[in-house]
Amino acid sequence: MAAAETPSPATSPNRGDLNLSRWNEATQTLRHIAQFNGADYPPGAYPLEVTADAGGLFGSNRGSDRLRLARLDSETGEETEVDSHPQYDLDTRARVFPALPSPLIFSRRTGELIGVRYLGERLVINALDPHFAEVLENLRNLSDGDLSHISSDESEQRWVVSFTHDRDPGATYIYDHSSGESRLLFRPLGHLDPEQPAPMTPVTITARDGLALPSHLTLPIGTEPHRLPLVLLVHGGPWDRDSRGFNPLVRLLANRGHAVLQVNFRSSTGYGKSFMKAGIGELAGKMHDDLIDGVNWAIQQGHAAPDRVAIVGGSYGGYAALVGVTFTPDVFAAAVDIFGVSDLANFLRNQPEFVRPALAANWFRWVGDPADPQQEADMMVRSPISQVDQVRTPLLIAHGANDARVAQAESDNMVQALRARGVPVEYILMADEGHSIENPENLIAVYHAVEHFLYEHLGHGREAT
């Protein structure tokens, strides 16, 4: 019997290239199979699934701007396309948010691949199996949301599915394909009236250099959508994306009368390789220009009052908020930074040695290496900590004391620098949190603080008189 071999991914510490090899247990050796350019895969190759024949299915953009599904022959390293969409990338959100489903849908009966998910303004599922194609047509009719988790019995006649939705999240149905009957099983947030939350509307904003920025706008209901206080809500990553779905913070802000704009700025994933790579070297540059262009669009459309705009974000979004108050302080009337980076050089210099190979294709490529004096100088120019004398915007900062990704010092240093200049800043330090807010008590406290902070500096949700 042949010795067992298991595919093993590893990264090159210098360029962040992903090397895929097979481990031979008998000989205790690795055999190289394929290499992927790290610049094309800053968060890594995803999805990456081993198949029954010891080959693999993975997300590939070799020779293409779009992320498609390919099969990799583990003997030859040859890549062949399995499925693709002419406009959309594979839906890779589960890499960042594990509660969301994989882009790959497998048969309960055979274990074979039967469907592939792609994401644009809405989710698209390509059916690769005739029976699943028939089922899929009927599943789509159960809700106006996007199909999320999908499961079936072994006969693949009875199906249980849930939906991603901006106003009715997680609604779950059972469907019997043999009879065509279906019924709602439950709604996880049954206390919410789906007609009450404001809808999240996709919009496309043109950046100053002509790049199309896929975005989402949420306008409060019951209020004339004219000259509203606007919250620019910036996603993390930056190798992530905003998409249609239920966001509690968006719901809270819209309920309080704020318009909420979420801009997928360059470097966001899911909009093609060139869109993502357009952000290399552009932190506090064109990536921030995209956000400002989004604000200007909302003002020009008449949705936002120019003197009542706030920027709010966590992680990279927190960094973006700090950039907002240091590089463009006249744009924002308030800012909220949640575990954001204030000093790019210090942030990267203090990363543990064992994670540096994983950062080579993203942070080190996009921002630079602080060990190089010239690159470090550029990083400091792009760091909010170097521009604290520009801050005149009210600022709220929150951080978790156990944050292993962005150290507490990133917020401590910013707060200390501002207070040394006599600039007031609210600081919430959560002793029992890391690089996210998990405890309900903390989440409620932070949301409560954000609500009151924005009310104080933006006013109520109707046009000021």
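The shortest side-chain heavy-atom distance between Arg66 and Lys273 does not fall under the 4.5 Å cut-off. Between Asn37 and Asp17, some side-chain heavy-atom pair lies under the 4.5 Å cut-off. For the pair Glu410 and Tyr319, the minimum side-chain heavy-atom distance is 4.5 Å or more. Between His32 and Arg22, the closest side-chain pair of non-hydrogen atoms is not below 4.5 Å. Within the 4.5 Å cutoff, no side-chain heavy atoms of Leu261 are placed close to those of Val231. Taking 4.5 Å as the limit, every side-chain heavy atom of Asp146 sits out of range of all side-chain heavy atoms of His165. Taking 4.5 Å as the limit, every side-chain heavy atom of Leu232 sits out of range of all side-chain heavy atoms of Val312. Between His303 and Leu217, the closest side-chain pair of non-hydrogen atoms falls below 4.5 Å.
Considering all non-hydrogen atoms of both residues, Arg62 and Tyr41 come closest at N-OH, 4.0 Å. Residue Ala361 comes nearest to Gly16 through the heavy atom pair CB-O, 3.6 Å, listed as atom of the first residue, atom of the second, then distance. Counting all heavy atoms, side chain and backbone alike, Pro103 lies closest to Pro47 at CG-CG, 3.9 Å. Of all heavy-atom pairs between Asp89 and Tyr271, the closest is OD2-N, 3.6 Å. Nearest heavy-atom pair across Phe265 and Pro238 is CE1-CB, 3.8 Å.
Note: Phe339 and Tyr316 fail the aromatic proximity criterion, with ring centroids not under 6.0 Å apart. For Phe36 and Phe58, the ring centers are positioned less than 6.0 Å apart. Ring to ring, Trp159 and Tyr173 are not that close: their centroids are 6.0 angstrom or more apart.
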Open item on the list: Could you go through Asp403 and His435, starting from their C-alpha distance and side-chain angles, then the distance that decides it, and tell me whether this counts as side chain to side chain donor-acceptor pair (under 3.5 Å)?
Closed with: CA-CA 5 Å; Asp403 194 333; His435 194 64; 2.7 Å; yes
Task: Worked verdict on Asp337 versus His399 for side chain to side chain donor-acceptor pair (under 3.5 Å) - done: CA-CA 9 Å; Asp337 154 37; His399 212 110; over 6 Å; no
Open item on the list: Let's go through Tyr175 and Asn138 carefully: what are the C-alpha distance in whole Å and the side-chain angles of both, what is the deciding distance for side chain to side chain donor-acceptor pair (under 3.5 Å) to 0.1 Å, and is it a yes or a no?
Closed with: CA-CA 8 Å; Tyr175 165 71; Asn138 294 321; 2.7 Å; yes
Task: CA sep, side-chain torsions, deciding dist, call: Ser436, Glu438, side chain to side chain donor-acceptor pair (under 3.5 Å) - done: CA-CA 6 Å; Ser436 61; Glu438 301 292 340; 2.7 Å; yes
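With hydrogens and angles disregarded, a donor-acceptor distance shorter than 3.5 Å links the side chain of Asn362 to the backbone of Pro42. A donor-acceptor contact shorter than 3.5 Å links the side chain of Gln28 to the backbone of Glu25. Counting only distance, with no hydrogens or angles, the side chain of Asp176 and the backbone of Glu181 share no donor-acceptor pair below 3.5 Å. In this structure a side-chain-to-backbone donor-acceptor pair under 3.5 Å is present from Asp293 to Arg208. Put simply, the side chain of Arg31 never gets that close to the backbone of Trp23: no donor and acceptor are under 3.5 Å apart. Distance alone, capped at 3.5 Å, is enough to place a donor-acceptor pair between the Asp166 side chain and the Met200 backbone. Judged purely by atom type and a 3.5 angstrom limit, Arg382 uses its side chain to pair as donor or acceptor with the backbone of Gly281. Of the possible donor and acceptor atoms, one in the side chain of Ser107 sits under 3.5 Å from a partner among the backbone N and O of Thr110.
Salt-bridge check for Arg93 with Asp91: passed, with a basic side-chain N closer than 4.0 Å to an acidic carboxylate O. Using a 4.0 Å cut-off between a side-chain N of Lys or Arg and a carboxylate O of Asp or Glu, Asp153 and Arg158 qualify as a salt bridge. We find that Glu282 and Arg266 are not joined by a salt bridge, their nearest charged nitrogen and carboxylate oxygen being 4.0 Å or further apart. Using a cutoff of 4.0 Å between basic side-chain nitrogens and carboxylate oxygens, Glu121 and Arg244 are not scored as salt-bridged. The pair Glu81-Arg71 fails the salt-bridge criterion, with no side-chain N (NZ, NE, NH1 or NH2) lying under 4.0 Å from an Asp/Glu carboxylate O.
The aromatic rings of Trp239 and Trp366 sit perpendicular, their planes meeting at an angle over 60°, well past the 30° parallel limit.
Counting non-hydrogen atoms of neighbouring residues, nucleotides and ligands closer than 6.0 angstrom, the CZ atom of Arg405 reaches no more than 12 such neighbours. For NE2 of His448, the number of neighbouring non-hydrogen atoms (other residues, nucleotides, ligands) closer than 6.0 Å is 12 at most.
Among Leu142, Leu136, Ile105, Thr164, the single residue meeting the side chain to side chain contact (heavy atoms under 4.5 Å, CB included) criterion with Leu147 is Leu136. Only one option out of Asn247, Val263, Ile311, Thr218 pairs with Leu233 in a side chain to side chain contact (heavy atoms under 4.5 Å, CB included); it is Asn247.
Using a 3.5 Å distance cut-off with no hydrogens or angles, the side chains of His235 and Ser268 do pair a donor with an acceptor. Inspection of the Asn346 and Asn350 side chains reveals an N or O donor paired with an N or O acceptor under 3.5 Å. Side-chain contact, Asp432 with Asn439: a donor N or O sits under 3.5 Å from an acceptor N or O.
Judged by a 6.0 Å distance limit and a 45° cone about the ring axis, Arg167 is not positioned over the six-membered ring of Phe246.
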